[in-house]
Novice: 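The following block contains the structure, expressed as structure tokens.
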2 protein chains.
Amino acid sequence: MKDTKIAVQEIRAFNRFYTDIIGLLDAHLLNSAYSLSEVRTMYEIYTGKSVQASQIMTAMHIDKSYLSRILKKLTQEGLISKTPSEEDARASLISLTEEGLKVFKTLNKASDEQIDGLISSLSPRKLEQLVNHMQAIQEILQHK
Amino acid sequence: MKDTKIAVQEIRAFNRFYTDIIGLLDAHLLNSAYSLSEVRTMYEIYTGKSVQASQIMTAMHIDKSYLSRILKKLTQEGLISKTPSEEDARASLISLTEEGLKVFKTLNKASDEQIDGLISSLSPRKLEQLVNHMQAIQEILQHK
DNA sequence: ACTAAATAGTGGACTTTGTCCACTAAGTAT
DNA sequence: ATACTTAGTGGACAAAGTCCACTATTTAGT
């Protein structure tokens, strides 16, 4: 009982710590021409190859009208394209255009480099430990 | 070189994973009568006991005019109070009122309970491991 | 097949959140 | 005394996100 209470405090301390890290990393993207949500949307399309808006919605836990506007903007900028779904006439399948892929890869590379900077001073040993801790946390929290 | 590349991808996977967790936890606070920034502001005042606006600003990496408005709102709601600083006539020292402390503690307790829910299904052993991993990550990333 | 309910997506109207800038007042340095 | 910096406020605006109503399909129940 008491251990749990202490654990909760320590988890919350980590959450604050990691919120700051993520905020720092995100700040970088905010200086790009695209918003966080736009980049995340591109990411979802990129990894899904060809997805429905509804899939992005659930993946991002985002409002459908908000997403609709994001997709509209990305379409207008020529970064994504929609083709009507054959299974469902209400839906379309969204994919990155060549240009969209190019833009996404550039942003993605910048994010990689940022992480690179974060870990550049770590020894290979420490880096390996870091990754192991992260994977362990995911495993523990995923199976609940 | 190559290991680093893989590590970067794994760190980014963790970041996405943990961003979702934090988002989930924050969603809860968003249903409260206070915004995330307001709660975070109260937290800073609570832990600092009596702080200057500029301290909150740097702690939260927040725009000063934005903070000014948040403080104004919290003052109007009777949650915080300002007393002129004796060292610097431009600044004031901010602290939680009795009411503010009450509100903050309620929110804080709700956050605790939320974490509780997140870990309720974990064995004491797993919970201990989780906390250890979190602390290890902080140590590794802090000393860089 | 026929109606009712659910789902996919769009757009209007709005609120919340956050930014940029200019400004006052006080402190700091030369 | 003068210039520079710092603390905080407020106007004006932009960006982000929410809520609701609506159309067009698809799905389920009878």
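Below, chains carry the letters A, B, ... as their sequence lines are ordered, and counting in each starts from 1. Bear in mind that the values here come from a model prediction, so they are computed numbers and not experimental data. In what follows, every heavy atom counts, from backbone to side chain, and hydrogens, waters and symmetry copies are set aside.
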Novice: At 4.0 Å (heavy atoms only), tell me whether S85(A) reaches a base, stays on the sugar-phosphate, or touches nothing.
Specialist: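 Here S85(A) touches no strand at all.
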
Novice: Between dA16(D) atom P and D26(A) atom CG, what is the distance in whole Å?
Specialist: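 Those two atoms, CG and P, are 12 Å apart.
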
Novice: Between the side chains of N108(B) and Y43(B), does any donor sit under 3.5 Å from an acceptor?
Specialist: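 Side-chain D/A pair, N108(B) to Y43(B): absent.
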
Novice: Give the rounded distance in Å between these two atoms: CG of L36(A) and P of dA15(D).
Specialist: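 It works out to 15 Å between those atoms.
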
Novice: Kindly say if K64(A) contacts the phosphate of dT10(C), meaning a side-chain N or O under 4.0 Å from OP1 or OP2.
Specialist: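 For dT10(C), neither OP1 nor OP2 has a side-chain N or O of K64(A) closer than 4.0 Å.
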
Novice: Report yes if a side-chain nitrogen or oxygen of S65(A) is closer than 4.0 Å to either non-bridging phosphate oxygen (OP1 or OP2) of dC20(D); otherwise report no.
Specialist: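 No, because none of the side-chain N or O atoms of S65(A) sits under 4.0 Å from OP1 or OP2 of dC20(D).
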
Novice: Between K82(A) and dT10(C), is there a side-chain N or O to OP1/OP2 distance below 4.0 Å?
Specialist: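 Result: yes.
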
Novice: Should the side chain of R69(A) and the base of dG12(C) be counted as holding a donor-acceptor pair, with the cut-off at 3.5 Å?
Specialist: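 Looking at the base of dG12(C), it does pair with a donor or acceptor on the side chain of R69(A) (distance under 3.5 Å).
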
Novice: Provide, to the nearest angstrom, the distance between the CD1 atom belonging to I70(B) and the C1' atom belonging to dT19(C).
Specialist: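 Those two atoms, CD1 and C1', are 13 Å apart.
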
Novice: Between L93(B) (CG) and dA7(D) (P), how many Å, whole number?
Specialist: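 Result: 13 Å.
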
Novice: Within the 3.5 Å criterion, strictly below it, is a donor on E10(B) or Q135(A) matched to an acceptor on the partner's side chain?
Specialist: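 Yes.
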
Novice: Report the distance from atom CD1 of I62(A) to atom P of dA16(D), rounded to the nearest whole Å.
Specialist: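 Going from CD1 in I62(A) over to P in dA16(D) covers 11 Å.
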
Novice: Atom CD1 of I56(A) to atom C1' of dG17(D): distance rounded to whole Å?
Specialist: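 Whole-Å distance recorded here is 17 Å.
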
Novice: Tell me the interatomic distance from E38(B), atom CD, to dT15(C), atom C1', rounded to whole angstroms.
Specialist: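 Going from E38(B) (CD) to dT15(C) (C1'), I get 13 Å.
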
Novice: Whether the Q52(A) and D88(A) side chains hold a donor-acceptor pair (N or O, under 3.5 Å, no angle test) is what I'd like checked.
Specialist: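 No pair is found: no donor N or O on one side chain lies under 3.5 Å from an acceptor on the other.
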
Novice: NE2 of H61(B) versus P of dG18(C): gap in Å, rounded?
Specialist: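 That distance rounds to 15 Å.
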
Novice: Closer than 4.0 angstrom, basic N to acidic O: yes or no for E98(A) and K102(A)?
Specialist: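 No, E98(A) and K102(A) are not salt-bridged.
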
Novice: Which residue lies toward the 5' end of DNA chain C, L71(A) or R90(B), if each is placed at its nearest nucleotide?
Specialist: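 Its nearest nucleotide lies further toward 5', so the answer is L71(A).
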
Novice: Which part of the nucleic acid, if any, lies within reach of D63(A) when heavy atoms closer than 4.0 Å are counted: base, sugar-phosphate only, or nothing?
Specialist: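 It contacts base atoms.
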
Novice: For residues L74(A) and L36(A): do they belong to one hydrophobic cluster (side chain heavy atoms under 4.5 Å, members Ile, Leu, Val, Met, Phe, Trp, Tyr)?
Specialist: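 Result: yes, single cluster for both.
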
Novice: Is any side-chain N or O of S54(B) closer than 4.0 Å to OP1 or OP2 of dG8(D)?
Specialist: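 Yes.
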
